[in-house]
Amino acid sequence: MLRPYVYIMSTPNNLIETILDHHSGTLYRAALILGREARGAERLLRLLMTELVRADPANPPSEPDLLRLLFTVAQTQPPPRHTHPPRSRTDQPTLHQSLLHLPSEQRYALALYLLFGYDLAHLATILNMDAAASRATLFSAMRNLAPSAMLSLTEQNSSETCQEVRIALVDPGGRLRHTPAIRGHLATCAECRSFDQTWGALSQTIEAALRTILRERDMPARLEAQLISLGAPRQRPQIPIIFAVPPLIILVIIASLVLPGMNREPVTVINRNTREDVDVAALIETALANHARIPATSSTIWYSRYETLWYFNDATYAPIRAELWLDRSNPARHRLQISHTSGGAPYEFQIANGIDQLAYAVDPLYRPSLYANLAEHDNAESPSLINQIADPSDQARALAQRLSYGIWNIPRFYLQQAQQAADLRLLGRQRDSTHSVYILSFRGFSPIGYPSQTPGRASEPITILLSLDTESGQLRSATELSSTSDTTQSSRVTWRIIEERSFNTSEEAGSPFNLVLAWNGRGSFPAASDNPRADPAMLLFSRRDLRNPSTLLNLRWQIYLPSPLPTGSERALLIWPSSTAMPQAIIYLGQDRHIIIHFDAPLTLNPDETITTDYANIQLQASRPRRYQINLNPTLYTHPPMALDVYGFSYPEVIAILNSFQPLDPTYLLEHKKFFVE
């Protein structure tokens, strides 16, 4: 469910200012998509704000409501005198020209779907269409652009269920694609597998083209002032800003920070001094120490909210809101959750009372990021909910594990790369909202991209810009710069702090540690159970599901496992419920990385590479974020087939792991048993 913004309104002027504070970037880029040029976009935004002032809503509309109203305004206006889109430059790629010639509703549907991360349900609402019509609009847009991208979306069906399957595959919020029925259909339907692969490739290509068209397209200050003036006759006081002029090449690099991405507002360069005495290594060390911790000067309850991006798989991604509540008086007491930036039920949720109870939930869409295909048998389409009795030390360990993995580890991933970067540079200082920040630059890899150094998977290093608070050293944002195939540069803000607040009491903070008040997802948590979890990183498994690795010697198959322990792995789990004849999985865990080995469960892959070793034929498929799916088909029938889900490892590390597999025997157990949690 979507939760609306709540504000206290007093004047139309406040209304427009509040809307622009939160949504100016998104609204301007959406208007550019509808208007096709700056003049058309400005006209639409003036009409939008005039309509809002006339309606005088009690609270500012949410982003989806604003986008819907903008589309309504655009659709009700007579067409401009020129009926053709702006003339394209002769060097503009064919795909860009095709985008400009699409009908406005198709262009808008693509922007909502690819740039702003809206699912099909929100797409229908914003486009003022029923579900079938909005899907048809999106499908038509993709098919119309496919030839320009030198791709072709198949329209062939193998059965009557193909259309339903494809709807599930393309929906960013569609949890149905993870059900056994969909996975089973893909295993037998070559047409739908082809559609899924092509849709993913086409989505990436069109997204890159849209971002290129909209680069350097933040709302001009002149236009913002005009829009605010629509709400009140008085003029806003002008605050003089004095710009220091840095060398041209540095200005170009730093200016890239104001490129569009996640609704980021521009920042202003305030100083660049090459002789400034700053210990960059110490700055990064401080940022690592400060991340996700309560500042020394704050009150009892600390709240922080971040925005980032996440790929649930190659075809499904979303802009993410990550929220964290911490209690200074009790370090075990916490709450964290991640959800879509538009609101709704959490993808992941964890809350601990700091005394004796820990509750955890994970949505089916995010669950594969943590558990691969190890889904709960009775919860394939619903959130997995646990509620356990846990002492404060266990609660603190669960918090530490969550903050060191997946979406929560993105800031640390950037900072740790910066620590090791040979080309790390201090570019200068900027004013970012109310903060002065240092800007650091280095070449590295994206935490939400393909595994680093993967052949043929756009895994070359990119330029990464970090802004760190000059006073606290805290990381405030991360921006990725990359070059597209037509030699233009694109930019996106992949992580940033949105809000930080402190509260004196839990009541003042809205009782964030009250499970009943905090949970807004599907289902209800069971009563707290005295059932220890297998590991603080794998809360869905009970400790009763763990076994001693020596039991693997009793199988009639010869098991092969990596030796030594995979790089960065700290411990291993043998998941083998007493009700099953075969082990469910062996899991290797480390900070922001895992290897999950399934037995007798081959994956349906479109492999990027096939490798042959002494014991198996191996298929590898890379995907985002930093993930490999691997099938190992043994050359001897005495060895069971294995499927691997590998997250957080580079391509060379994965190849080394695959070449290190050895047969499990007493000698292997003697060397590795200490790593297995029992």
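Keep in mind the model is a prediction, meaning the values are calculated, not measured.
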Donor-acceptor contact present, side-chain Thr308 to main-chain Thr494, <3.5 Å:
yes
side-chain contact (heavy atoms from CB on, under 4.5 Å) for Phe195 and Gln156? Distances and angles first, verdict last.
CA-CA 9 Å; Phe195 175 90; Gln156 296 181 352; over 6 Å; no
Side-chain contact test, heavy atoms from C-beta onward, threshold under 4.5 Å: evaluate it for Ser148 versus Leu99 and give yes or no.
no
Okay, side chain of Asn144, backbone of Ser140: is any donor-acceptor separation there less than 3.5 Å?
yes
Within 45 degrees of the axis of the six-membered ring of Tyr647 and under 6.0 Å from its centre: does Arg627 put its NZ or CZ there?
no
Aromatic ring proximity Phe312/Tyr347, centre distance under 6.0 Å:
yes
Nearest 0.5 Å, what's the OG1-CZ distance between Thr316 and Arg624?
10.5 Å
Could you tell me the separation between the CG atom of Leu632 and the CG atom of Leu658, rounded to the nearest 0.5 Å?
6.0 Å
Looking at side-chain heavy atoms only, is the closest gap between Leu555 and Phe599 below 4.5 Å?
no
Between Trp576 and Ala581, the two heavy atoms sitting closest are CZ2-O, 3.3 Å
Where is the tightest heavy-atom contact between Pro451 and Thr454, given as atom of each residue plus distance?
O-OG1, 2.7 Å
Under 3.5 Å side-chain donor-acceptor pair for Tyr628 and Glu609:
no
Contact check, side chains of His185 and Thr161, non-hydrogen atoms, under 4.5 Å
yes
Hey, would you say the Trp495 and Tyr306 ring centroids sit under 6.0 Å apart?
yes
From Leu605 atom CG to Ile630 atom CD1, the distance as rounded to the nearest 0.5 Å
9.0 Å
Ring-ring centroid check Phe541 Tyr371, cutoff 6.0 Å:
yes
Between Thr580 (side chain) and Pro583 (backbone), is there a donor-acceptor pair under 3.5 Å?
no
Please report whether the ring centroid of Phe139 lies less than 6.0 Å from that of Trp199.
yes
Measuring only between side-chain heavy atoms, which start at C-beta, is Leu153 closer than 4.5 Å to Leu151?
no
Output, in order, the C-alpha distance, side-chain angles, deciding distance and verdict of side-chain hydrogen bond (donor to acceptor under 3.5 Å, both in side chains) for Arg367 and Ser384.
CA-CA 9 Å; Arg367 190 164 53 205; Ser384 299; 2.4 Å; yes
Heavy atoms only: give me the nearest Ser650-Ser452 pair and the separation to one decimal.
CB-OG, 3.2 Å
Would you say Gln619's side chain and Pro607's backbone share a donor-acceptor pair under 3.5 angstrom?
no
For the side chain to side chain contact (heavy atoms under 4.5 Å, CB included) test, which of Leu644, Ile611, Asn631 pairs with Leu620?
Ile611
Check: Asp363 side chain, Leu365 main-chain N or O, donor-acceptor pair, under 3.5 Å:
yes
Indicate whether any N or O donor in one side chain lies under 3.5 Å from an N or O acceptor in the other, for Ser623 and Tyr311.
no
Taking the side chain as everything from C-beta on, heavy atoms only, tell me whether Ile597 gets closer than 4.5 Å to Ile587.
no
Using side-chain contact (heavy atoms from CB on, under 4.5 Å), reason through Leu110 and Leu102 one step at a time and then give a plain yes or no.
CA-CA 10 Å; Leu110 288 173; Leu102 285 178; 3.7 Å; yes
What are the two closest non-hydrogen atoms of Pro641 and Pro634, and how far apart are they?
CA-CD, 3.6 Å
Ser194 to Thr154 - nearest heavy-atom pair and separation
OG-CG2, 4.4 Å
Arg321 with Glu307: basic N within carboxylate O range, under 4.0 Å
no
Residues at least two apart in sequence or cross-chain that pass ring pair (Phe, Tyr, Trp, His ring centres under 6.0 Å) with Phe71, listed by chain then number, are Tyr108
Taking the side chain as C-beta and beyond, is there a heavy-atom pair between Ile595 and Ile657 under 4.5 Å?
yes
Establish, from distance only, whether the side-chain atoms of His594 and Asp645 form a donor-acceptor pair under 3.5 Å.
yes
If every non-hydrogen atom of Asp592 is compared with every non-hydrogen atom of Gly406, which pair is closest and at what distance?
OD1-N, 2.8 Å
Counting heavy atoms not belonging to Asp130, are there more than 12 under 6.0 Å from its CG?
yes
Stepwise side-chain contact (heavy atoms from CB on, under 4.5 Å) test for Leu374 and Leu540:
CA-CA 10 Å; Leu374 301 180; Leu540 296 190; over 6 Å; no
Can you find a side-chain donor-acceptor pair between Asn128 and Thr72 that sits under 3.5 Å?
yes
CD1/Ile596 to CG/Leu589 distance, rounded to the nearest 0.5 angstrom?
7.5 Å
Can you find a pair of side-chain heavy atoms, one from Pro319 and one from His340, that are under 4.5 Å apart?
yes
Are the side chain of Asp608 and the backbone N or O of Ala622 linked by a donor-acceptor pair below 3.5 Å?
yes
Under 4.0 Å between a Lys/Arg side-chain N and an Asp/Glu carboxylate O for Arg593 and Glu653?
yes
So, Arg107 side chain and Leu34 main chain: donor-acceptor pair closer than 3.5 Å or not?
yes
To the nearest 0.5 Å, how far apart are CG in Leu70 and CD1 in Ile33?
11.0 Å
Go through it in stages, so that I can follow the logic: the residues are Leu48 and Leu69, the test is side-chain contact (heavy atoms from CB on, under 4.5 Å), and I'd like the CA-CA distance, side-chain angles, deciding distance and then a yes or no.
CA-CA 7 Å; Leu48 171 67; Leu69 186 56; 3.5 Å; yes
Return the CG to CD distance between Leu127 and Gln106, rounded to the nearest 0.5 Å.
10.5 Å
Donor-acceptor side-chain pairing of Ser446 and Glu480 below 3.5 angstrom
yes
Is the closest side-chain heavy-atom distance between Leu120 and Ser134 below 4.5 Å?
no
With sequence neighbours left out, write down each residue that passes ring pair (Phe, Tyr, Trp, His ring centres under 6.0 Å) with Tyr560, or none if nothing qualifies.
Tyr615, His639
Does either side chain, that of Glu63 or that of Tyr118, offer a donor lying less than 3.5 Å from an acceptor on the other one?
yes
Check whether the side chains of Thr479 and Arg492 place a donor and an acceptor atom closer than 3.5 Å, and report yes or no.
no
